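For the numbers below, each heavy atom of this structure counts, side chains included, while hydrogens, waters and symmetry mates do not. The model shown is predicted, which means the values in this text are computed figures rather than measured ones. Throughout, protein chains are lettered first and strands after them, A, B, ... in sequence-line order, and every chain is numbered starting at 1.
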Amino acid sequence: MKQAFSFLFWLFIIVIFQSLVIALVRVAGVAPDLALVLTAGIALRRGSTEGLLFGWLSGLLLDVLTPQSLGVGMMLRGLLGFGLGNFKDNMFLESILAKGIIIAIAALVQGFIYQVWTTGFQPGTLWWLFWRYGFFTALYTGLVGMVWFAWWEGKMRAHLFKRIRVSSVT
Amino acid sequence: MVVMKGAPLFLAKNRKWVLTASTFFVSLLLALLPVQEKFLISGFVVRISYAPFFRIAEKIEDLSHLAQTNRELLQAVVQLRLANARLKEAQLQQERLREKPEFTGPASNYLTPATIFTLAPDQPPRSAIINAGTMHNVRRLLPVIDHYGVVGKISAVSTGQAVVQLFYDPAFRVAARDQRSRVLGIVRYKQGLNLVMDNVPNKEDVQPGDTIITSGLGGIFPAGILIGQVHTVHTDSLSIFKSISVEPAAQINRLEEIFVLNVPLLTEPLINEKVLAP
């Protein structure tokens, strides 16, 4: 139940971000993919099933804004969440930088496949979209991912220390 | 203790892969749907998820534009106030023009409005400089009038200025006609503040109070523009012409708005001030 509420909370954050915040953080037409950052965060912390579900639902929320490509984003994000969750135990991802790089690569792959699908594989258009949006979106998303992980891990660390202190007192 | 068998056991054991396959299958199904169906589903999800926040975003954007809109409106108010002041001035000017219903100048689109820069210092003034020149299509010899009647004609012109030869210049001539009796003559300045109408034979009918207008025969002024009213008429038995004094309609010392009649000259001027100058 707690996990379901946590999912709903983060999905709600995605809705607010896409409707209210994205215009404020867009730089030269490039905006970070917060949904992907959260999918990666959940997948790397909780595993493949949670990553798959969250990626799929967040993909639905993003796809409804571009109805022509409904289903494509859901599929890609779900699979990315699943893949990252599967790598969770096999990758040594202690540093924030490594997590940022993983998120940037995920954004790059997701963006490229999404554009291949939606443009009907036109090499000229793909090349332009990749350099104009895909690459910089991936960089921006990687940076935001690093910030998010730094904040999240700081919070978790503080929570852990508090618990250790309480247990040592008792 | 419940023992699972068959399909439930398979699902429980392969929960992860079943879930992956299900989401993949549903996504693929959605991706392959006709566009109309995609729009229907998307519209429904947007209504229940994004719609309230889009309205909030719209309100925020409205508020952020409010300051800018306010500045633009203030600027518009100032511009409108200035325009209003100009219109009031134009209305007063029009009222002054309406005071003289006998004024029958050509259509207003032929008028080039101008104001007086300076009047010549001599009394009565013989010339004036106005703020219209070749850039306003003002040319030499074009007639100049005000809302009362004939004022003079352009004698010299530069880009932005022109010199008006006023009717008080002794060299100025204008072909005239008595509006009532249709008698022709030539109006010029001699002395004092009135003009004289020359070349009217003794036997012609010209009475004090008659209106004198341009005849259009001089080739500069079109016919029908008011020159003035007959003040006195003297008939001398020793002369073949009447001595007619005309009180000019235009008041040179009170000139405000003047207009250059920007019409093409119909003919070469018949009255050449250099030839006729005393």
Task: Over 12 non-hydrogen atoms of neighbours within 6.0 angstrom of CZ in B:F25 - done: no
Open item on the list: Rounded to the nearest 0.5 Å, what separates atom CG in A:L20 from atom CD in B:E58?
Closed with: 12.0 Å
Open item on the list: As an exercise, state the distance from CZ of B:F54 to CD of A:Q18, rounded to the nearest 0.5 Å.
Closed with: 8.5 Å
TODO: Identify which of B:L28, B:L40, B:V35, B:I60 forms the greatest number of heavy-atom pairs closer than 4.5 Å to chain A.
DONE: B:L28
Task: Minimum side-chain heavy-atom gap A:V64-B:R47 below 4.5 Å - done: no
Task: pair B:L19-A:F82: side-chain heavy atoms closer than 4.5 Å - done: no
Task: Value rounded to 0.5 Å, distance of CG in A:L70 from CD in B:E37 - done: 11.0 Å
Task: Atom CZ of A:R26: over 12 foreign heavy atoms under 6.0 Å - done: yes
Open item on the list: What's the separation between atom OG in B:S27 and atom CZ in A:R77, rounded to the nearest 0.5 Å?
Closed with: 12.0 Å
Task: Backbone of A:Q68 reached by a side-chain donor or acceptor of B:K38 within 3.5 Å - done: yes
Open item on the list: So, taking the atom named CG in A:D63 and the one named CD1 in B:I41, what distance separates them when rounded to the nearest 0.5 Å?
Closed with: 11.5 Å
Open item on the list: Nearest 0.5 Å, please: how far is OG1 in B:T23 from CH2 in A:W56?
Closed with: 7.0 Å
TODO: Determine whether the aromatic ring centres of A:F12 and B:F53 lie less than 6.0 Å apart.
DONE: yes
- [ ] Name the option with the most non-hydrogen atom pairs under 4.5 Å to chain B; the candidates are A:V15, A:T49, A:L11.
- [x] A:V15
Open item on the list: One pair to check against side chain to side chain contact (heavy atoms under 4.5 Å, CB included): A:V72 and B:L30. What are the steps and the verdict?
Closed with: CA-CA 8 Å; A:V72 183; B:L30 286 172; over 6 Å; no
Open item on the list: Can you tell me which of A:L53, A:I16, A:L61 forms the most heavy-atom pairs within a distance under 4.5 Å of chain B?
Closed with: A:L61
